[in-house]
2 protein chains.
Amino acid sequence: MTAPRRRDAVATRDAILRAGVEGFTRHGYDGIGVREIAQTAGVTAMLVNRYFGSKEGLFAEVVEASMADRTVLTDDPATLARDLAAALVRRTAPHADDLDPFLLMLRSAPNPRAAEILRAGIEKHVEAHVLDVAPESRGTERAAMALSVVAGFWLMRKVIGSTSLNGADEAALVRTLEQLFTLLLHP
Amino acid sequence: MTAPRRRDAVATRDAILRAGVEGFTRHGYDGIGVREIAQTAGVTAMLVNRYFGSKEGLFAEVVEASMADRTVLTDDPATLARDLAAALVRRTAPHADDLDPFLLMLRSAPNPRAAEILRAGIEKHVEAHVLDVAPESRGTERAAMALSVVAGFWLMRKVIGSTSLNGADEAALVRTLEQLFTLLLHP
DNA sequence: CCCTCATGTATACACTCGTAGACATAACTT
DNA sequence: AAGTTATGTCTACGAGTGTATACATGAGGG
């Protein structure tokens, strides 16, 4: 029985947003309800709608917040392929339990409304950033292809749970992924 | 007003199964209900449970049936990379509307029960087949990696709807994908 | 022809969903 | 200290979920 938190609009709003990031990332847009998100934040379901308009409105802000901070991409073009490969393998390890935007995307994409929000967020944040770091010819397509590889690997390893990928030697996975990213980002 | 179809257990069961393939592939496991599937098949929701035990039971048979017939993979090792790349780009074209097992996987994976069924189906059918066609060292891992690339590309192009990938030159996409698959399957 | 069983339907239950409207209370202003 | 407004909760509604039980009906065998 914790003391009833002082009334603070911005703090409450932030708590709901963080609970939304966690809930949507772990269970996907259709896999969690506003009541459960609100309970994690310690408030009532209706406050979600008051601060974010609707479940969809909260999801849009969650996508925005989740894609804003970088988790996988580095800024150094020279070591981009290797760093990306290493970070990808590390963050998709069987016991890793991070709240990555890719998990948010993979688990929420089946809902058409969520997919549209995700598409906008990806093109605004992620593709643009890859393009900054590796501005080659046909850069946008290659950035999108690199994202495809990242998303596919993430899906198979963490959402599907492929035993082949989870039982593989991690150093070998990093080497293979580095080859793929080098091909895509430094043609 | 069609004539009320003659009573035929196997035909009805097959109709439900085909409606299940269509429904689960288009909307994902959580995105469609048994009533809608039953209506597509022209029967009542309860018949789904009578013939398949439950929604989850129907999904398991849908996965089995959908992964049984090959849509993307060819059998000739020599042209595997190119054929795979070409088929992938063709079947993920913006106006293509096929019922591919990859769409079934991408849209149903967020549900944990569905993910487990999918994982088993993938390892039974798809990975094994890739391994047959391209038996290299570390074959299982490389087959799984190739599947990751296919799944990621499918996700970005058809589920997310990346404008970069959908606006790109298709021949260029095929060339890039062929390079990736060659790297993975003919190291 | 009629009886029987397989095939299909109708109803209902217990639950969850997103969200709307009315109400309560804490905190700041005057 | 009193009033006002922002902040949060309670109740409820209409719709949809998967599925269990009871009932209806058509088709084949005696």
Side-chain angles (χ1 to χ4, degrees), chain A residues 1-20 23-24 26-63 107-108 110-117, chain B residues 1-20 23-24 26-63 107-108 110-117:
Chain A
M1 45 189 309
T2 65
R5 176 186 42 197
R6 274 181 60 87
R7 292 190 171 183
D8 184 341
V10 299
T12 301
R13 201 191 132 96
D14 190 62
I16 295 174
L17 186 63
R18 286 189 287 104
F24 285 135
R26 289 201 201 285
H27 306 104
Y29 185 82
D30 287 329
I32 197 169
V34 290
R35 284 176 176 82
E36 193 174 347
I37 292 175
Q39 184 172 347
T40 301
V43 296
T44 307
M46 268 314 295
L47 268 198
V48 174
N49 279 12
R50 203 201 282 286
Y51 281 118
F52 297 92
S54 65
K55 182 187 186 183
E56 192 174 329
L58 171 61
F59 182 75
E61 288 218 24
V62 163
V63 169
R107 295 202 169 118
S108 300
N111 184 292
R113 309 270 204 97
E116 171 58 25
I117 295 169
Chain B
M1 46 186 310
T2 65
R5 178 186 42 199
R6 276 180 61 87
R7 293 192 170 184
D8 184 341
V10 299
T12 301
R13 202 191 131 96
D14 190 63
I16 295 173
L17 186 63
R18 286 189 288 104
F24 285 135
R26 289 201 201 285
H27 306 104
Y29 185 83
D30 286 329
I32 197 170
V34 290
R35 284 175 177 82
E36 194 174 346
I37 293 174
Q39 185 173 348
T40 301
V43 296
T44 307
M46 270 313 296
L47 269 198
V48 174
N49 278 13
R50 200 197 282 287
Y51 282 118
F52 297 93
S54 65
K55 182 186 186 184
E56 192 175 328
L58 171 62
F59 182 76
E61 288 218 25
V62 162
V63 169
R107 296 204 169 115
S108 300
N111 184 291
R113 308 270 203 97
E116 172 57 25
I117 294 170

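Worth knowing before you read on, the calculation uses all heavy atoms, side chains too, and leaves out hydrogens, waters and symmetry mates. Throughout, a chain's letter reflects where its sequence line sits, starting with A, and its residues are numbered from 1.
- When the side chain to side chain donor-acceptor pair (under 3.5 Å) test is applied to B:E116, the partners found at least two apart in sequence or on another chain are B:R119.
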Close N or O pairs between protein and nucleotides 1-5 of chain D (under 3.5 Å):
none

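- Taking the side chain to side chain donor-acceptor pair (under 3.5 Å) definition, one finds that B:D14 meets it with B:R18, sequence neighbours left out.
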What nitrogen or oxygen pairs link the protein and nucleotides 11-16 of chain D at under 3.5 Å?
| from | atom 1 | to | atom 2 | distance (Å) |
| --- | --- | --- | --- | --- |
| D:dA12 | N6 | A:R35 | NH2 | 3.4 |

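- One can place CD of B:E36 at 18 Å from C1' of D:dT19, the figure rounded to the nearest angstrom.
- Note on A:V34: a base of the nucleic acid sits closer than 4.0 angstrom, heavy atoms only.
- Residue B:L58 is classed as having no contact, given no heavy-atom separation below 4.0 Å to the nucleic acid.
- With DNA chain C read from its 5' end, the first of the two nearest nucleotides for B:D8 and A:K55 is the one closest to B:D8.
- Rounded to a whole Å, the CG atom of B:L47 is 13 Å from the C1' atom of D:dT19.
- The phosphate of D:dT7 (OP1 or OP2) has no side-chain N or O of A:Y51 nearer than 4.0 angstrom.
- Distance CG (B:N111) to P (D:dT17): 15 Å, rounded to an integer number of Å.
- Taking CG of B:D30 as the start and CG of A:D30 as the end, the distance is 6.5 Å to the nearest 0.5 Å.
- In this structure, A:R50 atom CZ and D:dC10 atom P are separated by 13 Å, rounded to whole Å.
- Rounded to whole Å, the distance from CG on A:N49 to P on D:dT9 is 14 Å.
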Tabulated below should be each protein N or O lying under 3.5 Å from an N or O of nucleotides 28-30 of chain D; please produce it.
| from | atom 1 | to | atom 2 | distance (Å) |
| --- | --- | --- | --- | --- |
| D:dG28 | OP1 | B:R6 | NH2 | 3.4 |

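- With sequence neighbours left out, B:E36 forms a side chain to side chain donor-acceptor pair (under 3.5 Å) with no residue at all.
- First and last contacts of DNA chain C with chain A, using any nucleotide atom under 4.0 Å from a protein heavy atom and ordered 5' to 3', fall at C:dC17 to C:dC28.
- Residues that satisfy the side chain to side chain donor-acceptor pair (under 3.5 Å) test with A:N49, not counting sequence neighbours, are absent from this structure.
- Closest heavy-atom contact between B:R35 and B:A45: CG-CB, 3.8 Å.
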Name every donor-acceptor pair, under 3.5 Å, that has one atom in a side chain of residues 51-63 of chain B and the other anywhere in the protein, sequence neighbours excluded.
| from | atom 1 | to | atom 2 | distance (Å) |
| --- | --- | --- | --- | --- |
| B:S54 | OG | B:E56 | N | 3.4 |
| B:S54 | OG | B:G57 | N | 3.2 |
| B:K55 | NZ | B:Y29 | O | 2.8 |
| B:K55 | NZ | B:I32 | O | 3.0 |
| B:E56 | OE1 | B:R113 | NH1 | 2.4 |
| B:E61 | OE1 | B:R13 | NH2 | 2.7 |
| B:E61 | OE2 | B:R13 | NH2 | 2.6 |

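- For B:A19, the side-chain contact (heavy atoms from CB on, under 4.5 Å) test picks out B:I37, B:T40, B:A41, with sequence neighbours left out.
- Scored by the side-chain contact (heavy atoms from CB on, under 4.5 Å) test, B:R26 finds B:E22, B:D97, B:L99 as partners (sequence neighbours excluded).
- Ranking D:dG8, D:dT9, D:dT19 by closeness to the B:A45 side chain, first place goes to D:dT19.
- The shortest heavy-atom contact between B:S108 and B:A114 is O-CB, 3.4 Å.
- The OG1 atom of B:T12 lies 11.5 Å from the CZ atom of B:R50; values are rounded to the nearest 0.5 Å.
- Looking at heavy-atom distances under 4.0 Å, B:I32 makes contact with sugar-phosphate atoms alone, never a base.
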